[in-house]
Protein chains: 2
Amino acid sequence: MADDAVSRKHHTPESAAHDVEAAVRLLDGRWKLLILFHLFDGRVQRYSDLEKLIPAISQKMLAQQLRQLEADGLVARTVYPEVPPKVEYRLTDWGQALCPALDGLLLWLERK
Amino acid sequence: MADDAVSRKHHTPESAAHDVEAAVRLLDGRWKLLILFHLFDGRVQRYSDLEKLIPAISQKMLAQQLRQLEADGLVARTVYPEVPPKVEYRLTDWGQALCPALDGLLLWLERK
DNA sequence: CGGCATCCTTTCCGATACTG
DNA sequence: CAGTATCGGAAAGGATGCCG
């Protein structure tokens with residue numbers, strides 16, 4: 001058996017393409033990568049912090065992209081029941097683990 | 001100054017996001033990953049082979065996605081001046097080098 | 001065989017206004 | 001402060017027909 005850390009799912013061209021597409025779809029959307037890279041250093045950011053860090057984004061898109069990242073399990077959202085409201089965003093462990101994978105893409109791009 | 005294989009471009013959140021977006025855009029398009037994974041094993045495929053391998057794709061999209069992959073340097077196109085025409089597609093070295101980077105994304109996805 | 005041109009539908013996204 | 005609601009334009013993508 002020895003079916004441990006080394007074992008990998010078997011992929012056909014179709015299944016590999018399907019799975020990579022699923023991964024890419026998680027990153028798709030005009031602003032998601034920008035948001036992620038502002039969280040990769042482990043910082044926790046408030047909604048208004050992200051608005052300042054990404055000046056060109058509209059509130060609609062910021063909220064929408066954050067909702068999707070949260071629904072997909074990359075970002076965690078914490079609401080503090082205060083007045084005025086305070087909401088913080090940070091990466092999940094899994095979201096943080098995306099960083100080296102994206103670095104692989106950067107290395108590939110630099111190789112061009 | 002020992003500025004060799006270890007040296008890396010310095011990235012801000014903006015530049016890293018911008019570069020990864022550029023990489024993702026090369027893969028974006030409903031069918032590109034499917035096409036790439038049918039070429040990753042080193043096989044050379046004719047236009048009509050790809051049509052058979054990806055039955056759901058329209059001719060318009062197959063041609064368009066192949067043009068973009070070619071323009072972006074991932075795929076090489078060879079035309080044989082015969083009647084009837086014969087056109088073959090294969091990965092460039094750089095295109096082939098994308099495979100391990102995508103595998104990193106697969107590993108990340110499997111980790112979920 | 002290996003396309004390109006055209007039309008049409010769908011999805012994405014920016015701008016703006018409003019709210020607990 | 002942290003969103004939601006609505007509108008309209010732009011862009012991606014599917015269906016179909018024609019061509020060297």
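Atom set for the values below is all heavy atoms of this structure, side chains included, hydrogens, waters and symmetry mates excluded. Throughout, protein chains are lettered first and strands after them, A, B, ... in sequence-line order, and every chain is numbered starting at 1.
- Going from atom CD of A:Glu82 over to atom C1' of D:dC1 covers 11 Å, rounded to whole Å.
- To the nearest angstrom, P of D:dA10 lies 17 Å from CE of A:Met61.
- Between B:Gly73 and B:Trp94, the shortest heavy-atom contact is O-CE3, 3.7 Å.
- A salt bridge links B:Asp19 to B:Lys9: one of the charged nitrogens lies within less than 4.0 Å of a carboxylate oxygen.
- Nearer the 5' end of DNA chain C, as judged by each residue's closest nucleotide, is the contact made by A:Arg30, out of A:Pro85 and A:Arg30.
- Taking atom CD of A:Glu51 as the reference point, atom P of D:dC1 lies 9 Å away to the nearest angstrom.
- Separating the CD atom of A:Gln65 from the P atom of D:dT4 is a distance of 13 Å, rounded to the nearest angstrom.
- Rounded to an integer number of Å, the gap from CG of B:Leu62 to P of C:dG3 is 8 Å.
- Annotation: of the two residues near DNA chain C, A:Asp28 and B:Glu88, the 5′-most nearest-nucleotide partner is B:Glu88.
- Considering all non-hydrogen atoms of both residues, B:Gln45 and B:His38 come closest at NE2-O, 3.4 Å.
- Within 4.0 Å of B:Tyr89, counting heavy atoms only, lie sugar-phosphate atoms of the nucleic acid but no base atom.
- An OP1 or OP2 oxygen of D:dT4 is reached within less than 4.0 angstrom by a side-chain nitrogen or oxygen of A:Arg67.
- Closest contact between the side chain of A:Ala63 and the listed nucleotides C:dG2, C:dG3, D:dG3 involves D:dG3.
- For a distance-only test at 3.5 Å, the side chain of B:Lys60 qualifies as a donor-acceptor partner of the base of D:dG14.
- An OP1 or OP2 oxygen of D:dG14 is reached within less than 4.0 angstrom by a side-chain nitrogen or oxygen of B:Trp31.
- A straight line from OH of A:Tyr47 to C1' of C:dT19 spans 13 Å, rounded to a whole angstrom.
- Between A:Tyr47 and A:Tyr89, the ring-plane angle classifies as tilted under the 30° and 60° cut-offs.
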- After noting the C-alpha distance and the side-chain angles of A:Arg8 and B:Asp103, does the key distance pass the salt bridge (Lys or Arg N to Asp or Glu O under 4.0 Å) rule? CA-CA 11 Å; A:Arg8 288 290 304 280; B:Asp103 197 52; 3.1 Å; yes
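- Between A:Gln59 atom CD and D:dA2 atom P there is a gap of 10 Å when expressed in whole angstrom units.
- Nucleic acid contact for A:Ser48: sugar-phosphate only, since backbone atoms but no base atoms lie under 4.0 Å from a heavy atom of the residue.
- Distance CD1 (B:Ile57) to P (C:dG2): 14 Å, rounded to an integer number of Å.
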